[in-house]
Asker: 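The structure is given below, and queries will be raised subsequently.
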Amino acid sequence: MSATPRYRFAPSPTGYFHVGGARTALYNWILALQTGGTFVLRIEDTDESRNHPQWTEGILDALEWIGISRTDPHFEGPYFQSANAAAHVGAAERLYAEGRAYYCDLTTEQIQERAKASGRPGYDGHSRDRGLGPGPGRVLRFRVPEGTTVVRDEVRGDVAFEHATIEDFVLLRGNGSPVFLLANVVDDVAQRISHVVRAEEHLPNAPKQQMLWEALGERPPSWAHVPVLVNEARKKLSKRRDKVAMEQYREEGIVAPAMVNYLMTLGWAPGGDTEIVPFARIVEEFRLGSVNHSSAFFDVTKLGAFNAEYLRAMSTDEFVAACGPWLAPPRATWDPARFDAATFRAMAPLVQTRVQSLGEVPAMVGFMFADAPELDEASVTKTFGAPWAAALLGELRGTLASCEWRADALKGEVERAGERHGQKLGKAQAPLRVAVTGRTVGPPLFETLELLGREAVLRRVDALWDRVARA
RNA sequence: GGCCCCAUCGUCUAGUGGCCUAGGACACCACCCUCUCAAGGUGGCGGCACGGGUUCGAAUCCCGUUGGGGCUGCCA
C-alpha cells in the first residue's frame, strides 16, 4: 500500500508573491487534486527573524485568490522551516558522526585565494582529511562521494551529474546554523514529501539534495524542474526589473481565473484550439510530462487579452459585483456620495466590452459621477479644430433643451444637426461627446445621455460652449 | 571559466518519423459591421537557428555548430 503523493510548495517569505511562484504553486496544487494527494505549504527561510507574519498572510491570501485554499482538505500547512532548526542541525551532526561530512576552518577569502592559485574555481576539499572537529567559525561540509548522480526528472528525463564537478558544499555555517539545501531536505524527509516540483533554477541543486537524501538513508523524491518565466530580454523575472507581484496584478483588476488560466498556458497547453479553458479542464488534462522544456516569456499583453475575455464572459451581475472594489475610495476618485449603483448597473454592459481590467472601469464611468467631466485637452483641440464643431454644439443647446429624452430620439436629433453641417453621425457626435464625457472615446453616447439626464447634459454642453464660442 | 538546461511564427504554444503545403492563441495589418472606442465577423502577414548524419521518408531520432538561459554563496 503506497501512501498518497505529497507535493510541497516552498516560497521564501519575501514580501510579495511572485508570478513564477504562483505557477509552480498551481502545478503542485493540480497534481495534488489529480492524485488525491496533499499540497504542503512550507515557508522557507532558515532565519526565523526574516519570517514576518504579514508576509506569510500575504502568501496565504494570494494562494487563496488563485483557488488554493488553506481550508481545503488537500491543503496542509503552513510549516515554517526555521521552526525545525534543531532537526536540521541534528541531521548534520549525524552525517558528521558517520564521516559523511567534515569541518573546515577556511574563510571565504582563503578559499578564493586557493582557487586563484590553483586555477580551479570553487572549494578544493582542503579540509577533507584534516580531521577537524566542530568549533567557532568552522563550517561543516558534505563529503561528496565519488561517482555520478542521475536525477530522474519528470519533465526533463534523466540528467547526469559527475560528482567530480560538485564541490563539498556547506551544511552548517560557521555559527552552527543550517543552510537551505540541508534544511530543505530534512524537512522534505520529515514531511514525507514524495514529489518536488519547482523551478528549473533549482536543477543544479537537485543532485546535491539527492545525495543528501541518500546519505540520510532515504529514497529520494520524484523530481520535476519546470522552465522559468522570463522577461522580454529573456532573463529570469526579477522584482527589480519586472512586474512580478501577483498582488499588483490583482490590484490592477486582473481577475483570478484569467491569471490562473494564463499562467497555465506558459509551458503547457490544453488540448484543442483554444487556450481559454475552465480550471476543471486544466485539472483534468494537465500532465507534468507534457510541460515544455524551454523558458517562457510572461506576456502582460496576452494576460490582458485573457482578462478581457474573462470579463466579457461574465453576466452583468457578475461583472457589477467584480467591479465593486473599484467603485469606491481609494480606487475611485469621485465623491462616493455621488455614486449611483443603479446608474452603474445600467452602464455596466456598455463598459464590459471596453475594458481589459477592472482597474480601467473608474476612468471610463467617472464622468457620470462628477459635476463636470474632466476635459481631455487633446480631445477638445482635435474635435473643435473642425470649423463646424462649435456651431453644431451651439445648435444642440436648443435642441437638447426640448427634444424627447430617449437614446434613439437623441441620436436622431444629433444626426439631423450633423446633416446641416454636412457631417455624418460618426463625426457629428464628437462635440457632444467631448462636452459630456470629456473625451473623444468612451461608451455609446446616446444611452449615456439618457442615463445622465437632460439637466446634467445641458449644463455640460453650456459649459463647453461658453469656452469654445469665445475662442 | 566550469557544470547543467534549452532551441517551431515577434510572443505563448500544437506537433512524440508519413495525417505538416507546420495548426491555434496573443500582437500586428486590411476589410465588414458601426454614433466614438471597443466587441464581433472575414481575410492577411509571419516560424521548424545552422550543418551533418540515420531513414524509403525528419519539425520530430543522433552528432556537431551557433545562439539563449540557469547555477557556480557560510542567500533561499
Side-chain angles (χ1 to χ4, degrees), chain A residues 10-14 44-47 50 81 104 106-108 111 119-123 137-141 151 153 155-156 159-162 164-167 169-181 183-184 199-207 225 227-228 230 232-236 262 265-276 289-290 292-299 301-306 308-309 312 350-356 364 379 383 407 410-411 414-415 418 424-430 432-434 437 439-448:
Chain A
S12 50
T14 42
E44 292 217 321
D45 204 313
T46 55
D47 183 350
R50 286 191 302 241
Q81 184 171 68
C104 174
L106 255 40
T107 63
T108 307
I111 292 169
R120 289 159 179 263
Y123 179 69
R138 292 181 178 177
V139 300
L140 184 69
R141 287 180 178 273
V151 173
D153 190 287
V155 346
R156 273 152 227 286
V159 184
F161 296 85
E162 295 297 331
T165 67
I166 301 175
E167 64 180 46
F169 51 92
V170 170
L171 261 21
L172 254 30
R173 301 190 183 95
N175 66 6
S177 67
V179 302
F180 148 80
L181 213 61
N184 190 274
E200 189 197 341
E201 58 198 277
H202 290 287
L203 187 52
N205 286 151
H225 290 88
V228 293
V230 298
E232 44 280 277
R234 301 217 72 84
K235 298 268 196 279
K236 195 173 76 171
Y262 175 65
T265 65
L266 260 22
W268 179 80
D273 268 351
T274 173
E275 295 178 316
I276 307 274
S290 56
N292 253 102
H293 297 183
S294 48
S295 52
F297 171 50
F298 187 83
D299 187 352
T301 305
K302 189 161 178 177
L303 204 214
F306 270 49
E309 187 144 339
R312 273 181 254 122
L350 271 26
V351 316
Q352 199 169 348
T353 58
R354 290 176 171 75
V355 292
Q356 274 210 323
M364 186 156 292
S379 294
T383 302
L410 290 162
K411 181 180 175 184
V414 174
E415 209 157 22
K424 297 202 163 160
L425 188 53
K427 293 273 191 193
Q429 53 91 44
L432 219 206
R433 177 183 291 280
V434 172
T437 72
R439 300 192 299 165
T440 52
V441 301
L445 183 60
F446 304 107
E447 287 83 344
T448 304

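First the proteins, then the strands, lettered A, B, ... as listed; each starts at 1. Given the structure is predicted, the values throughout are model-derived calculations rather than measurements.
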Asker: Could you tell me whether a side-chain N or O of A:Arg433 sits under 3.5 Å from a main-chain N or O of A:Pro444, the two making a donor and an acceptor?
Answerer: no
Asker: Between B:rA27 and B:rG40, how far apart are the P atoms? Round to whole Å, please.
Answerer: 10 Å
Asker: Pairing check on B:rC28: which nucleotide meets the Watson-Crick or G-U wobble criteria with it, both distances under 3.5 Å?
Answerer: B:rG44
Asker: When rounded to the nearest Å, what value does the distance between C1' atoms of B:rA14 and B:rU8 take?
Answerer: 10 Å
Asker: Distance check, P atoms only: B:rA22 and B:rC29, in whole angstrom units.
Answerer: 25 Å
Asker: Rounding to a whole Å, what distance do you find between A:Asn292:CG and B:rU16:C1'?
Answerer: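 So the two atoms are 13 Å apart, to the nearest Å.
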Asker: Look at atom CZ of A:Arg120 and say whether more than 12 heavy atoms of other residues, nucleotides or ligands are closer to it than 6.0 Å.
Answerer: no
Asker: Do A:Arg141 and A:Phe169 meet the cation-pi criteria used here (NZ or CZ under 6.0 Å from the six-membered ring centre, within 45° of the axis)?
Answerer: no
Asker: Nearest to the A:Asp273 side chain among B:rU11, B:rG23, B:rG70, which nucleotide is it?
Answerer: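 Comparing B:rU11, B:rG23, B:rG70 against the side chain of A:Asp273, the answer is B:rG23.
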Asker: How is A:Glu232 classified with respect to the nucleic acid when contacts are heavy atoms under 4.0 Å: base, sugar-phosphate, or nothing?
Answerer: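 A:Glu232: no heavy atom of the nucleic acid under 4.0 Å.
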Asker: Does A:Lys302 get its side chain close enough to the base of B:rA27, under 3.5 Å, for a donor-acceptor pair?
Answerer: no
Asker: Under a 3.5 Å cut-off for both distances, is B:rC3 Watson-Crick or wobble paired, and to whom?
Answerer: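 Per the H-bond distance test, B:rG70.
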Asker: Categorize A:Glu309 for me: base, sugar-phosphate, or nothing, with a 4.0 angstrom heavy-atom threshold over every strand shown.
Answerer: nothing
Asker: If you check the A:Val159 side chain, which of B:rC6, B:rC4, B:rA27 turns out closest?
Answerer: B:rC4
Asker: Write down the partner of B:rC35 under the Watson-Crick or G-U wobble criteria, each distance required to be under 3.5 Å.
Answerer: none
Asker: Find the distance A:Glu200:CD to B:rC71:P and express it as a whole number of Å.
Answerer: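 My rounded result for the distance is 10 Å.
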Asker: Using a 4.0 Å heavy-atom cut-off, does A:Arg156 contact any base of the nucleic acid, only the sugar-phosphate backbone, or nothing at all?
Answerer: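 A:Arg156: backbone/sugar contact only, no base atoms under 4.0 Å.
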Asker: Does a side-chain N or O from A:Lys427 land closer than 4.0 Å to OP1 or OP2 of B:rU36, or not?
Answerer: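 False: A:Lys427 side-chain N/O out of range (4.0 Å or more) of B:rU36 OP1/OP2.
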Asker: Considering only side-chain heavy atoms of A:Val441, which listed nucleotide, B:rC5, B:rC6, B:rC37, is closest?
Answerer: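 Closest of the options to the side chain of A:Val441: B:rC37.
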Asker: Of the listed nucleotides (B:rC3, B:rC74, B:rG68), which one gets closest to any side-chain atom of A:Arg234?
Answerer: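 The closest nucleotide is B:rG68.
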Asker: Would you state whether a donor and an acceptor, one from the side chain of A:Glu201 and one from the base of B:rG69, lie under 3.5 Å apart?
Answerer: no
Asker: Taking the minimum atom-to-atom distance to the side chain of A:His202, which one of B:rA27, B:rA76, B:rC4 wins?
Answerer: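 For the A:His202 side chain, the nearest candidate turns out to be B:rA76.
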Asker: Of the options B:rC71, B:rC37, B:rU11, whose atoms approach the side-chain atoms of A:Pro204 most closely?
Answerer: B:rC71
Asker: Searching all strands shown, indicate the nucleotide that pairs with B:rU54 (Watson-Crick or G-U wobble; both distances under 3.5 Å).
Answerer: none
Asker: Nearest to the side chain of A:Leu445, which nucleotide is it out of B:rC3, B:rC35, B:rC74?
Answerer: B:rC35
Asker: Is any side-chain heavy atom of A:Phe298 less than 4.5 Å from a side-chain heavy atom of A:Leu303?
Answerer: yes
Asker: Remember a base hit wins even if backbone is also touched, and classify A:Thr46 as base, sugar-phosphate or nothing at under 4.0 Å, heavy atoms.
Answerer: sugar-phosphate
Asker: NA contact type, A:Gly267, heavy-atom cut-off 4.0 Å: base, sugar-phosphate, or nothing?
Answerer: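 Contact class for A:Gly267: sugar-phosphate only.
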Asker: Using atom P of each nucleotide, how far apart are B:rC48 and B:rA7 to the nearest Å?
Answerer: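 Here B:rC48 and B:rA7 have their P atoms 16 Å from each other.
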Asker: Without decimals, in angstroms, what is the distance between A:Ile111 CD1 and B:rC74 P?
Answerer: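 Taking atom P of B:rC74 as the reference, CD1 of A:Ile111 is at 7 Å.
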Asker: Does the B:rC37 base have a donor-acceptor partner in the side chain of A:Gln429 within less than 3.5 Å?
Answerer: no
Asker: Side chain of A:Asp45 only, heavy atoms from C-beta on: which candidate in B:rC35, B:rC5, B:rA76 is closest?
Answerer: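 From the listed options, B:rA76 comes nearest.
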Asker: For a quick check of understanding: with a heavy-atom distance under 4.0 Å over all strands, which category does A:Phe446 fall into, base, sugar-phosphate or nothing?
Answerer: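 It contacts base atoms.
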Asker: With a 4.5 Å heavy-atom cut-off, do A:Lys411 and A:Gln429 have their side chains touching?
Answerer: no
Asker: Which residues pass the side-chain contact (heavy atoms from CB on, under 4.5 Å) test with A:Asp273, not counting sequence neighbours?
Answerer: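 With neighbours one apart ignored, the set is empty.
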Asker: Under 4.0 angstrom, heavy atoms only, what part of the nucleic acid is A:Thr353 near: base, sugar-phosphate, or nothing?
Answerer: base
Asker: B:rC4 and B:rC74: how far apart are their C1' atoms, nearest whole angstrom?
Answerer: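 The answer is 24 Å between these two C1' atoms.
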Asker: Do the side-chain N or O atoms of A:His293 get closer than 4.0 angstrom to the phosphate oxygens (OP1, OP2) of B:rC5?
Answerer: no
Asker: Side chain of A:Ala269: nearest nucleotide among B:rA14, B:rC12, B:rA76?
Answerer: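 Side chain of A:Ala269 sits closest to B:rA14.
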Asker: Give me the ring orientation class for A:Tyr262 and A:Phe306: parallel if the planes are under 30° apart, tilted from 30 to 60°, perpendicular past 60°.
Answerer: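 Taking A:Phe306 first and then A:Tyr262, their aromatic rings stand perpendicular (interplane angle over 60°).
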Asker: Could you please name the option among B:rA76, B:rC37, B:rC6 that lies closest to any side-chain atom of A:Arg173?
Answerer: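 Looking only at heavy atoms from C-beta outward on A:Arg173, the closest nucleotide is B:rA76.
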